[in-house]
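Here is the naming used below: chain letters follow the sequence lines, and residue numbers restart at 1 for every chain.
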2 protein chains.
Amino acid sequence: MIGDEFFMKMAFQEAQLASEEDEIPVGAIITCHNRVISKAHNQTEQLNDVTAHAEMLAFTSAAEALGAKYLTDCTLYVTLEPCVMCAGAAFWTQISKIVYAAPDPKRGFSKQGSLLHPKTIIEQGPFAIESEALLKKFFAGKR
Amino acid sequence: MIGDEFFMKMAFQEAQLASEEDEIPVGAIITCHNRVISKAHNQTEQLNDVTAHAEMLAFTSAAEALGAKYLTDCTLYVTLEPCVMCAGAAFWTQISKIVYAAPDPKRGFSKQGSLLHPKTIIEQGPFAIESEALLKKFFAGKR
């Protein structure tokens, strides 16, 4: 059955792609009625743009795919808890649901209180261990 | 003398441009050692992208202009207090200073606590009345 496991695996594969491109390995998928409408991974190095997080790129391409400004019937799957910027962007999109894999106690938005749109459901989902391990391996290789 | 007044006037002119294009009238300028390196205004309608705030576009083009990821020696002039997303983006850019014109009690980042980078100075600057009046006029025209 197609569900969180299936979509988060796709997000994780995006994170693996990021890692291969020497980008911080975070991946994101946006679905609309169980159909994938956008895929993205961190591209801050390639685009020389610290705002080019997986979620930001996914939001922009999802809106383009839908031809609609708001993502009210969509779900974001992302391998790391969104940062403040990405949570703030999610607010503007009015996205229905966010499922993240690994929590981010240092830079995650949740420690700042409720930044999301009141309509947005937030859940911690599958692939937390794998996503965190991929990030740790990446940063260990940088030391 | 070139200073806050001069640069905020340019940001205000960008906001006026936005208004002419039927975009929410917010404008932004980024300077580096008193040289303007990027100019932008809200383009959420034109780009069909709710994340296309003046500040986000200005950050991206400033990094491109400098060929550097971080905006450590730069100042952002913006006609409205940044939202959570833009404050979160400013965090990642490590920008030195933010000067805004009109406060935004409803959507401004400051009510959420300290979202900015500890290195970033934040100031309320000139053109507050003009910037607010431009926004009010725009929204009045939408009713």
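- A heavy-atom distance below 4.5 Å is found between the side chains of A:Val26 and A:Leu135.
- In terms of heavy-atom pairs under 4.5 Å with chain B, the best-connected choice from A:Ala87, A:Ala89, A:Ala63 is A:Ala89.
- Scanning both residues, A:Gly27 and A:Ala15, for their nearest heavy atoms gives N-CB, 3.6 Å.
- In terms of heavy-atom proximity, B:Ile98 sits nearest to B:Ala90 at CD1-CB, 3.8 Å.
- Here the side chains of B:Leu115 and B:Phe91 are not in contact, with every heavy-atom distance at 4.5 Å or above.
- Taking 4.5 Å as the limit, some side-chain heavy atom of A:Phe59 sits within range of a side-chain heavy atom of A:Ile95.
- Heavy atoms closer than 4.5 Å to chain A are found nowhere in B:Ala62, neither backbone nor side chain.
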Taking only distance into account, so ignoring hydrogens and angles, what donor-acceptor contacts under 3.5 Å exist between chain A and chain B?
from	atom 1	to	atom 2	distance (Å)
A:Glu45	OE2	B:Lys69	NZ	2.5
A:Asn48	ND2	B:Ala63	O	3.3
A:Asp49	OD2	B:Thr60	OG1	3.0
A:Thr60	OG1	B:Asp49	OD2	2.9
A:Ala63	O	B:Asn48	ND2	3.3
A:Lys69	NZ	B:Glu45	OE2	2.5

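- When every heavy atom of A:Leu80 is checked against every heavy atom of A:Pro103, the shortest pair comes out as CD1-O, 3.9 Å.
- Sorted by first and then second residue, the ring-ring contact (aromatic ring centres under 6.0 Å, His included) pairs with a member in residues 122-143 of chain B read B:Phe12-B:Phe127; sequence neighbours excluded.
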